[in-house]
Amino acid sequence: EAITGIATYNVTPSKAGIYFNKIQCFCFEEQRLKPGEEVDMPVFFFIDPEFIEDPRMNDVYDITLSYTFFKAEDVDPSVLQAQAASAWKA
């Protein structure tokens, strides 16, 4: 059966998250998936150039972006709105 869901994201290490800026993401909107369907879900982002000037980032060599996909009816819309708003902060 088809599923409608939404994704939340996580950036690790968390201290690098302040420099991770998403411009466009499939996670900002609900996604409908059919059984067995394969889809590309693009993410456009950049790492703020200030990252290399921050001495707290000297030990960060990798940044991992991960997603958790939930059925849309299982997610509190206010949580998603807050997350989307924080993603747009510069």
Side-chain angles (χ1 to χ4, degrees):
E1 83 183 52
I3 182 173
T4 299
I6 192 93
T8 59
Y9 70 95
N10 187 50
V11 175
T12 55
S14 59
K15 67 180 180 178
I18 61 173
Y19 295 106
F20 190 89
N21 296 282
K22 287 196 297 182
I23 299 166
Q24 181 182 347
C25 181
F26 68 91
C27 62
F28 295 154
E29 299 176 3
E30 288 185 352
Q31 303 294 323
R32 180 111 176 123
L33 302 174
K34 298 175 188 165
E37 180 178 22
E38 293 184 23
V39 296
D40 290 326
M41 294 187 179
V43 177
F44 295 94
F45 67 91
F46 68 94
I47 305 299
D48 189 314
E50 293 294 317
F51 173 87
I52 58 176
E53 303 299 326
D54 187 340
R56 297 173 297 164
M57 300 300 129
N58 285 345
D59 63 342
V60 177
Y61 299 100
D62 297 296
I63 298 174
T64 302
L65 175 63
S66 60
Y67 291 89
T68 304
F69 191 76
F70 298 95
K71 287 183 178 180
E73 68 252 15
D74 294 343
V75 180
D76 181 347
S78 64
V79 172
L80 295 174
Q81 289 172 350
Q83 186 181 54
S86 69
W88 290 102
K89 289 181 182 176

Asker: For Ala2 and Pro35, work out which heavy atoms get closest and say how close.
Answerer: N-CD, 3.8 Å
Asker: Sorted by first residue and then second, give each salt bridge (Lys or Arg N to Asp or Glu O under 4.0 Å) pair with at least one member in residues 32-43; sequence neighbours left out.
Answerer: none
Asker: Can you name the nearest heavy-atom pair linking Lys22 to Tyr9, along with the distance?
Answerer: NZ-CD2, 2.8 Å
Asker: When rounded to the nearest 0.5 angstrom, what is the spacing between OG1 in Thr8 and CG in Asn10?
Answerer: 8.0 Å
Asker: Can you give me the closest heavy-atom contact between Tyr19 and Arg56, atom names plus distance?
Answerer: OH-NH2, 4.0 Å
Asker: Quick one: pull up CD1 in Ile3 and CZ in Phe69 and give me the separation to the nearest 0.5 Å.
Answerer: 5.5 Å
Asker: Which heavy atom in Ala7 sits nearest to a heavy atom in Tyr67, and how many Å separate them?
Answerer: CB-CD2, 4.0 Å
Asker: Between atom CD1 of Ile47 and atom CD1 of Ile52, what is the distance when rounded to the nearest 0.5 Å?
Answerer: 11.5 Å
Asker: Give the table of side-chain donor-acceptor pairs shorter than 3.5 Å for residues 57-66, with sequence neighbours excluded, one pair per line with atom names and distance.
Answerer:
| unit_1 | atom_1 | unit_2 | atom_2 | d |
| --- | --- | --- | --- | --- |
| Asn58 | ND2 | Pro55 | O | 3.3 |
| Asp59 | OD1 | Lys15 | NZ | 2.7 |
| Asp59 | OD2 | Lys15 | NZ | 3.4 |

Asker: Can you name the nearest heavy-atom pair linking Glu30 to Thr4, along with the distance?
Answerer: OE1-CG2, 3.4 Å
